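Before any comments, here is the structure.
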Amino acid sequence: MMKRARQKVVVENQIPQTSQKNKKQKTCFGESDPLASVDWGSLPHHVILCIFQFLPLVDRARASSVCRRWNEVFHIPDLWRRFEFELTQPATSYLKSTHPDLIQQIIKKHGDHLQYVSFKVDSSTESAEAACDILSQLVNCSIKTLGLISTAKPSFMNVSKAHFASALTVVFVNSKSLSSIKIDDTPLDDPSLKVLVANNSDTLKLLKMSSCPHLSPAGVLCVADHCHGLKELALNYYILSDELLLALSTEKHVDLEHLRIDIVSENPGQVEFHTIKKQSWDAFVKHSPKVNIVMYFFLYEEEFDAFFREETPVTHLYFGRAVSKAMLGRIGMNCPRLIELVVCANGLQPLDDELIQIAERCKNLTAMGLGECEVTCRGFIEFVKVCGGRLNQLSIMEEVLIPDNDYSLDRLHLEVSKHLGRMWFPDMMPTW
């Protein structure tokens, strides 16, 4: 009896302790919190590093003061190899700017670790100039990728050409290992490209420089002549010419994999566009047979006359403004290498015949997107039937499709799904 009594007392004494422990682990919702007993300071370095990489700079700095271990991770070089400077003015942007004091700390303590750097600026000239000032201080960096991004209008164009060139020269001369550069909508010029080539010719693989009005074909040729590893190039159509394409087609020049061409007009009739001859395109594709030629059009309908009157080896076509039925008809006749076509707007005339012709003649077509256009359900089904399962991507707005006597929208999705070999529905909003 005494033994049982002692056991009972022991059990009773243990019950409140257990209850008290469970009580400590309960949250305000009355459920136990499995994270309450986690020792966050003992997490492995690689786990903390992964978490820090997803944090904004300010939050990352605050987290570094939690404990000594987190502060150690904060200074690991791997954490500072990739960084985006956000430079904005409160009056012109809703984006949160990187604090100037933090920028100076990064340059002082981690500048030699930076490898993948981008600058995101708003529409103000002050932000673009601040980006140039930071670039001028990156003298100890071995940058591999550099991106200059304008979130609104191209504010880098308001920076003086001398200031911009001086800032780029610092990076081009000191890095010597640049492989990817995206500097669209900037005052980049031919002398700056020569500096780039002189110091990074062995490593450069990607160069995007659309809407750089101070560039000439000679600058592009300088890059092509010396950067034998260059695989991707982006430029404006006004730089492109028969002479440039033929020069890029000679044996000493690079074998490009990706050529992006932007064709842009701000005001109708302001620019007179020239025509590239078929022989020039043929020579270029013969030299680089696997090249993807991507063309982005932002023109008005009356400005398309110079394009696709002869066979053109374009593979990806994007129309940001309205394009006529006649233009789409020429694409079906003269773009046999076409892989992807996106038409954001057309008009009120159904595109049945044009789409079917594109499906029949463009045997490599695997992706299609249609926005503010009109296609009858019967015509669309015929288009899909001709393409069949090779259409990996089909993004069509529901209002594009016009029901007819043969097909309703409900029946259409079943027929299209049958020909594609997978379930398909029209989109409620654009996905491209």
Side-chain angles (χ1 to χ4, degrees), residues 85 87 107 111 114-121 125-150 153-241 243-244 247-248 253-254 256 258-262 264:
F85 294 93
L87 305 169
I107 295 172
L114 294 171
Q115 293 183 358
Y116 309 96
V117 180
S118 61
F119 292 83
K120 185 183 289 184
V121 304
T125 304
E126 293 84 357
S127 297
E129 289 177 339
C132 292
D133 291 338
I134 296 172
L135 284 170
S136 300
Q137 299 177 62
L138 301 181
V139 294
N140 296 318
C141 299
S142 296
I143 295 177
K144 293 183 178 179
T145 69
L146 174 65
L148 304 182
I149 305 164
S150 298
K153 65 180 182 181
S155 52
F156 282 103
M157 292 303 302
N158 298 325
V159 178
S160 73
K161 193 165 71 166
H163 187 194
F164 185 79
S166 174
L168 279 189
T169 298
V170 171
V171 177
F172 290 171
V173 170
N174 291 283
S175 291
K176 299 188 184 301
S177 59
L178 279 162
S179 63
S180 174
I181 306 175
K182 301 177 182 178
I183 43 180
D184 301 324
D185 299 300
T186 65
L188 179 72
D189 57 11
D190 291 354
S192 297
L193 282 183
K194 290 181 180 179
V195 176
L196 169 66
V197 168
N199 294 275
N200 301 271
S201 60
D202 294 334
T203 57
L204 190 63
K205 295 182 179 179
L206 181 150
L207 181 57
K208 292 189 174 181
M209 46 185 185
S210 294
S211 299
C212 297
H214 303 298
L215 282 180
S216 73
V220 179
L221 276 176
C222 175
V223 174
D225 280 342
H226 297 91
C227 300
H228 300 296
L230 188 69
K231 296 299 180 184
E232 186 169 346
L233 179 65
L235 41 76
N236 267 75
Y237 187 78
Y238 74 85
I239 294 181
L240 198 66
S241 64
E243 293 76 16
L244 178 57
L248 290 172
H253 285 103
V254 296
L256 284 177
H258 196 97
L259 175 62
R260 169 173 167 161
I261 306 163
D262 289 350
V264 181

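Bear in mind that the values here come from a model prediction, so they are computed numbers and not experimental data. Throughout, residue positions are numbered sequentially from 1 according to the sequence presented.
Contacts classified as side-chain hydrogen bond (donor to acceptor under 3.5 Å, both in side chains) and involving residues 218-227 (residues at least two apart or in different chains) are given here: D225-H253. The salt bridge (charged side-chain N to carboxylate O under 4.0 Å, His left out) contacts involving residues 208-220 comprise K208-E232, where partners must be two or more places apart or lie in separate chains.
The side chain to side chain contact (heavy atoms under 4.5 Å, CB included) test applied to D262 returns S210, N236, R260, V264, Y296, not counting sequence neighbours. Under the side-chain hydrogen bond (donor to acceptor under 3.5 Å, both in side chains) criterion, S216 pairs with D190, not counting sequence neighbours. With sequence neighbours excluded, no residue forms a side chain to side chain contact (heavy atoms under 4.5 Å, CB included) with S166. In terms of the side-chain hydrogen bond (donor to acceptor under 3.5 Å, both in side chains) criterion, S160 has no residue partners (sequence neighbours excluded). By the side-chain hydrogen bond (donor to acceptor under 3.5 Å, both in side chains) test, D184 is found to be paired with no residue, residues two or more places apart in sequence or in another chain being considered. Taking the ring pair (Phe, Tyr, Trp, His ring centres under 6.0 Å) definition, one finds that F172 meets it with nothing, sequence neighbours left out. In terms of the side chain to side chain contact (heavy atoms under 4.5 Å, CB included) criterion, residue partners of A128 (sequence neighbours excluded) are, by chain and number, S155, F156, V159. By the side chain to side chain contact (heavy atoms under 4.5 Å, CB included) test, A130 pairs with L87, sequence neighbours left out.
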Show me the donor-acceptor pairs within less than 3.5 Å that the side chains of residues 191-199 make with the rest of the protein, sequence neighbours left out.
{"unit_1": "S192", "atom_1": "OG", "unit_2": "D189", "atom_2": "OD1", "d": "2.7"}
{"unit_1": "N199", "atom_1": "OD1", "unit_2": "K176", "atom_2": "NZ", "d": "2.9"}
{"unit_1": "N199", "atom_1": "ND2", "unit_2": "V195", "atom_2": "O", "d": "2.9"}

Could you tabulate the donor-acceptor pairs under 3.5 Å formed by side-chain atoms of residues 131-147, not counting sequence neighbours?
{"unit_1": "D133", "atom_1": "OD1", "unit_2": "H163", "atom_2": "NE2", "d": "3.2"}
{"unit_1": "S136", "atom_1": "OG", "unit_2": "C132", "atom_2": "O", "d": "2.9"}
{"unit_1": "Q137", "atom_1": "NE2", "unit_2": "D133", "atom_2": "O", "d": "3.3"}

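Here the CG-OG distance, from L206 to S179, works out to 8.0 Å after rounding to the nearest 0.5 Å. Taken to the nearest 0.5 Å, the CG atom of L188 stands 4.5 Å off from the CG atom of L215.
At most 12 heavy atoms of other shown residues, nucleotides or ligands fall within 6.0 angstrom of atom NZ in K182.
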Next on the checklist: Between L148 and F164, is the side-chain contact (heavy atoms from CB on, under 4.5 Å) condition met? List the steps.
Outcome noted: CA-CA 11 Å; L148 304 182; F164 185 79; 3.7 Å; yes

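Side-chain contact between H214 and K161 is present, with at least one heavy-atom pair separated by less than 4.5 Å. Side chains of K153 and D185 form no contact here, defined as non-hydrogen atoms less than 4.5 Å apart.
Across every non-hydrogen atom of P154 and S150, the tightest pair is CA-OG, 3.8 Å.
Not a single donor-acceptor pair under 3.5 Å links the side chain of S127 to the backbone N or O of V121.
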